[in-house]
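Sequence positions, counted from 1, serve as the residue numbers for this chain. Hydrogens, waters and symmetry mates play no part in the numbers below; they use all other heavy atoms, side chains included.
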Amino acid sequence: MKNVVELSILGQKLAIQSDESEAYVRGVESYLAEKIEEVRGGTKAVATLDLALIVALNVAGELIKTRQTLQSIEKRSGELAKTIQGAME
């Protein structure tokens with residue numbers, strides 16, 4: 001069942017339908033608020049759309065780096081599993 005959660009991001013009210021719990025959606029909202037404040041603190045006053053785009057680029061960059069790290073970990077764990085299996089034979 002989809003949950004409807006009303007959020008406020010950059011002064012805009014949004015009603016979000018999600019399969020995730022309200023607590024999860026609120027966590028995402030909080031994360032975005034933190035990222036918005038980070039960008040606001042590091043830049044001169046910018047338009048709301050510009051701020052949203054900068055935050056989106058930063059979050060997308062974090063996601064890409066996290067995916068790369070996960071791929072490296074998966075590759076390394078596979079290599080270690082083969083080494084362990086070879087040592088056990």
Side-chain angles (χ1 to χ4, degrees):
M1 184 166 102
K2 294 211 181 261
N3 296 311
V4 177
V5 182
E6 192 169 306
L7 307 177
S8 178
I9 299 172
L10 290 170
Q12 298 292 313
K13 299 283 186 192
L14 303 165
I16 302 294
Q17 280 190 339
S18 177
D19 291 329
E20 301 294 342
S21 69
E22 180 174 349
Y24 177 85
V25 175
R26 294 278 178 218
V28 172
E29 176 186 35
S30 176
Y31 180 78
L32 283 175
E34 289 174 23
K35 293 299 175 183
I36 289 166
E37 289 310 311
E38 283 177 19
V39 171
R40 268 194 183 136
T43 61
K44 294 181 181 176
V46 294
T48 302
L49 178 59
D50 293 342
L51 185 60
L53 290 172
I54 293 167
V55 170
L57 286 169
N58 290 347
V59 171
E62 289 177 5
L63 175 62
I64 290 167
K65 285 180 184 178
T66 301
R67 284 181 175 171
Q68 290 170 343
T69 300
L70 179 58
Q71 286 174 346
S72 294
I73 291 169
E74 288 173 341
K75 181 181 177 188
R76 181 67 180 138
S77 65
E79 292 167 353
L80 290 171
K82 285 180 184 178
T83 301
I84 292 169
Q85 187 174 14
M88 293 175 66
E89 291 176 355

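When all heavy atoms of Asn3 and Ser21 are compared, the pair lying nearest together is ND2-CA, 3.7 Å. Of all the heavy atoms in Ser8 and Glu29, the pair that sits closest is N-OE2, 3.0 Å. Shortest non-hydrogen contact noted between Glu6 and Arg26 is O-NH1, 2.9 Å.
For Arg76, the side chain to side chain contact (heavy atoms under 4.5 Å, CB included) partners are Glu79, Leu80, not counting sequence neighbours.
The line from CG of Leu51 to CD of Glu37 is 8.5 Å long, rounded to the nearest 0.5 Å. A distance of 12.5 Å separates CD of Glu89 from CD1 of Ile84, quoted to the nearest 0.5 Å. For the atom pair CD1 of Ile73 and NZ of Lys75, the computed distance is 13.5 Å after rounding to the nearest 0.5 Å. To the nearest 0.5 Å, atoms OG1 (Thr48) and CD1 (Ile36) are separated by 9.5 Å.
Looking only at side-chain heavy atoms (C-beta outward), Gln12 and Leu7 stay at 4.5 Å or farther from each other. Asn58 places none of its side-chain heavy atoms less than 4.5 Å from the side chain of Lys35.
Taking hydrophobic clusters as Ile, Leu, Val, Met, Phe, Trp and Tyr residues chained together by side-chain heavy-atom distances below 4.5 Å, Leu10 shares a cluster with Val59. Each of Tyr31 and Leu53 belongs to its own hydrophobic cluster when Ile, Leu, Val, Met, Phe, Trp and Tyr are linked at side-chain heavy-atom distances under 4.5 angstrom. The same ILVMFWY cluster, assembled from side-chain heavy atoms under 4.5 Å apart, contains both Val55 and Leu14.
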(message) Please evaluate residues Glu62 and Lys65 with respect to the criterion salt bridge (charged side-chain N to carboxylate O under 4.0 Å, His left out), reporting the C-alpha separation (whole Å), side-chain torsions for both, the decisive distance (0.1 Å), and the verdict.
(response) CA-CA 5 Å; Glu62 289 177 5; Lys65 285 180 184 178; over 6 Å; no
